[in-house]
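What follows is a set of notes on a single structure, which appears directly below.
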Amino acid sequence: MSRRSTASLLKALLAIFLLTSFAAPAVAEPPMSTVATSLPTLPSSGPILLAAIDGRPVAIDMGGRRVFVLRPSGWAAVYAGHIDFGHLLTVISDGRRTLLIGRGDDGGAQLVAGLHFSGGDLTPRILPPLPVSLRSATAAFEPDAVIVAGTDARGAAHLLRLDWTTAEAWKSLDAWPGGGVPAALAAQNGGIFVTLANGQQWRWLKLKGWSAGAPAPGAVVPGSARAIGQAYLLYLIGGADGTRLYSYSAITDAWAPLGSALPHPAVAAVSQGDGILSAWRDGNGLAFSALTLKSARQSIAPIDMVIIGVYLFGMLGIGLTFYRRAKQGSSNEFFLGSRTIPFWAAGISMFAGSISSISYLAVPAKAFETDWEYIMSKMTTVVGLMFVAVFVVPIFRRLNLVSVFNYLEQRFHPAIRMLSSALWIMMQIGGRMGIVLFLPAMAIGTITDTNIVACIVVVGLFTIVYTALGGMRAVVWTDVFQVLVLTCGALFAIGFIVWQIGLGTIVDTAATFDKTRMLNFSFDVTQPTVWAFTILVLFDVVLTFPKDQVLMQRVLATPSEKAAGRSVWLFAAVLLPSAFMFYMIGTVLFAYYRVHPGQLNPLLPIDTVFPSFIGTELPHGVVGLIIAGLIAAAMGTLSGIINSVATLLSVDFYDRMIPGRSQRQIVRFAEIASVGVGLIGIAIAIILSRLDIHSLLDLTIELFGLFGGSCAGAYTLGLFTRRANWQGVAIGIVLASIITLVVWIFGLVHPYLYLALAIASSIGIGYVASFLFPPPSHSLEGLTIFTPRRGTAQSEESALSTPAS
């Protein structure tokens with residue numbers, strides 16, 4: 001790409017960006033609102049309990065000893081002869097499941113039963129009685145269990161848990177400190193939240209235990225506590241200004257009022273849809289109102305559309321710039337840019353290929369939700385890359401490969417090459433492409449009213465076109481520009497928050513909640529510890545770095561062994577500062593929403609916290625720039641995957657299975673493969689858009705471990721041993737895949753260890769199994785660190801270097 005073209009594109013974006021100095025905020029209204037819907041009145045003068053079973057509201061009239069179900073025609077009485085109204089104390093429901101709590105012989109809460117529909121009637125499911133009689137008992141549902149809180153006759157606090165599926169026996173959990181009568185109990189995202197009668201809030205979080213939370217702003221209406229979204233709780237709370245709906249963030253420990261106060265004090269409440277159903281008394285009995293949360297989204301402003309359009313067509317222009325050269329050149333030009341890519345461009349391109357939209361969105365979300373523990377993976381990676389640059393890269397660059405899996409053929413056997421190449425292709429297509437493409441589309445859909453599927457298709461098609469047209473040169477030079485765009489957007493977001501709430505507020509908040517904690521020296525294998533990251537990087541970078549065709553293809557595209565090493569050094573140099581930048585985004589977002597809790601939509605997934613901030617807080621124009629950054633992060637990784645997978649399909653499979661193809665035919669197949677692979681990625685991203693996934697970062701880590709670890713050990717056995725043979729390596733790959741699958745099914749270790757476990761199993765089993773067969777009989781010269789090459793390297797590209805006629 002010429003300097004003039006790059007300068008023109010940069011000037012266009014800069015000119016548009018400067019116009020945003022006078023732009024209005026992106027969204028002039030709150031990110032969400034509440035909608036009140038009146039329901040039919042129920043004639044009743046006695047005490048009332050509310051429940052909901054499979055989404056259908058149920059009213060239990062304690063005075064009249066009757067039960068009503070809300071149907072389209074109104075409230076209808078149902079048979080409830082199985083319910084013992086005389087012993088019934090309270091009812092707890094999450095909108096789908098309902099728990100009845102009744103008094104025992106001493107008057108305390110001890111009898112427990114579920115309630116469900118059977119043939120149109122309500123039928124209780126008798127559960128084991130509580131092991132201790134409780135006063136002021138309340139309950140909450142976890143995804144697969146129910147928990148009950150209360151105090152015994154002596155005032156001691158108790159917290160009990162029962163598996164909802166097996167319902168075998170109650171287990172006692174550590175109760176909140178200091179005792180106190182519970183008024184509400186809720187569970188969210190693995191945490192437990194107890195609100196006492198005096199308003200004190202206690203939070204139990206995994207790995208942290210119990211801690212005091214922000215007190216409730218008033219008295220909680222019985223039955224109103226409920227989990228919503230991935231990180232929020234809803235409560236109806238009575239105060240001096242009436243009864244209002246409040247949200248409570250399980251992450252930022254902050255309360256926020258939602259909507260206006262109810263006209264009457266509520267006497268009962270229950271979960272209903274995306275809100276709460278409440279009841280109050282009027283002259284005719286009981287009146288009901290459903291408060292439902294509604295998200296507010298805006299259309300993309302014209303200036304934002306211009307910025308995004310300039311960016312997308314600019315990337316397309318880069319692809320067209322290199323199309324003629326790729327079309328007329330050899331396959332070596334399409335796959336490796338004729339090995340003339342400068343080391344600094346290759347290093348930046350490796351960085352672009354490694355960060356992706358996962359770093360831009362999922363990493364800030366992880367730092368927002370937790371802390372900086374995961375950044376240790378980047379720190380250890382930098383150390384690993386230094387080793388790679390010195391010892392590993394020179395071996396592969398001397399071999400002049402196109403596919404890194406050709407090394408496995410030279411070292412072991414063609415079957416190992418094709419098996420490992422196939423597994424790597426599956427990992428990239430099934431475990432990465434869809435996530436990388438879905439994330440920015442989800443972000444844009446969060447910010448605006450744009451259809452997520454349309455975003456996926458547009459971003460995917462633009463990436464496919466410029467990758468298929470321009471080959472490796474287009475991929476590398478678009479990566480360079482994309483890194484600039486996404487970095488500018490991220491830094492602007494950080495600076496904007498610092499300007500809004502002040503650096504002191506951010507520092508104090510981060511210190512109070514220990515948000516920048518990085519070091520976890522625990523030996524618990526279910527946690528992301530320093531030891532886990534060290535092991536992961538040892539196996540994923542130091543021992544098996546060559547397995548990643550996306551990164552290695554940049555290394556192989558440099559002009560010399562020296563340039564190849566420099567590209568990895570540059571990659572390492574920019575990796576750590578960028579990691580701090582992305583984790584800092586999550587921390588400043590935490591501080592911002594701690595100060596402005598009402599500005600974050602409780603219904604949105606945690607992974608959308610950064611795009612939500614972009615859409616609701618930043619001015620127009622800046623929104624377009626950061627959306628372009630989101631797209632850039634995705635396109636940089638996606639184009640690299642498409643190009644690398646197309647390369648492997650062409651070199652490892654097409655050229656081997658159909659020999660004698662001309663250079664033009666190989667390039668043509670690579671172009672078609674690029675389109676096909678890209679379309680598959682679009683399809684997977686659309687499927688992901690239909691699923692409810694808690695953390696896409698965690699999902700990526702799991703899929704990499706399941707698909708990418710077993711074959712990676714072959715590189716370790718090839719580079720660092722002389723005894724390993726192809727039969728042993730094949731056995732190691734198969735058994736390591738089975739072991740990792742079993743560990744994943746039963747959740748035996750933290751997902752961050754899946755990859756290390758698969759690689760370690762592959763290495764250990766493969767090396768031991770190699771002794772069951774004869775040692776390699778061919779020359780290992782230039783193929784291990786113990787046998788350096790003494791002659792001229794035999795190049796794989798020799799078979800692919802004849803220019804097309």
Practice task
Evaluate the criterion side chain to side chain contact (heavy atoms under 4.5 Å, CB included) for residue pair L423 and M427; output intermediate values, then yes/no.
Solution key: CA-CA 6 Å; L423 286 174; M427 179 184 71; over 6 Å; no

Practice task
Take I682 and I464 through the side chain to side chain contact (heavy atoms under 4.5 Å, CB included) test and state the conclusion after the steps.
Solution key: CA-CA 10 Å; I682 291 175; I464 290 171; 3.9 Å; yes

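Between Y583 and F580 the shortest side-chain heavy-atom distance does not fall below 4.5 Å. Counting heavy atoms from C-beta on, the side chains of W424 and V645 come closer than 4.5 Å.
With rounding to the nearest 0.5 Å, the separation of CG in D652 from OG in S420 is 9.5 Å. Here the CG-CZ distance, from L556 to R397, works out to 6.5 Å after rounding to the nearest 0.5 Å.
No donor-acceptor pair under 3.5 Å is formed between the side chain of Q428 and the backbone N or O of V550.
Remark: W344 engages W477 in a ring-ring contact (aromatic ring centres under 6.0 Å, His included) (not counting sequence neighbours). Every residue was checked against the ring-ring contact (aromatic ring centres under 6.0 Å, His included) condition with F653, not counting sequence neighbours, and none meets it. Considering only residues two or more places apart in sequence or on other chains, Y592 meets the side chain to side chain donor-acceptor pair (under 3.5 Å) condition with E617. Not counting sequence neighbours, D548 has no partner by the salt bridge (Lys or Arg N to Asp or Glu O under 4.0 Å) test. Under the rule for a ring-ring contact (aromatic ring centres under 6.0 Å, His included), the partners of Y654 that lie at least two apart in sequence or sit in another chain are F669.
Applying the salt bridge (Lys or Arg N to Asp or Glu O under 4.0 Å) test to every pair with at least one member in residues 554-572, sequence neighbours left out, gives these pairs: R398-E561, D479-R554.
When ring centroids are compared, F313 and F462 come within the 6.0 Å threshold.
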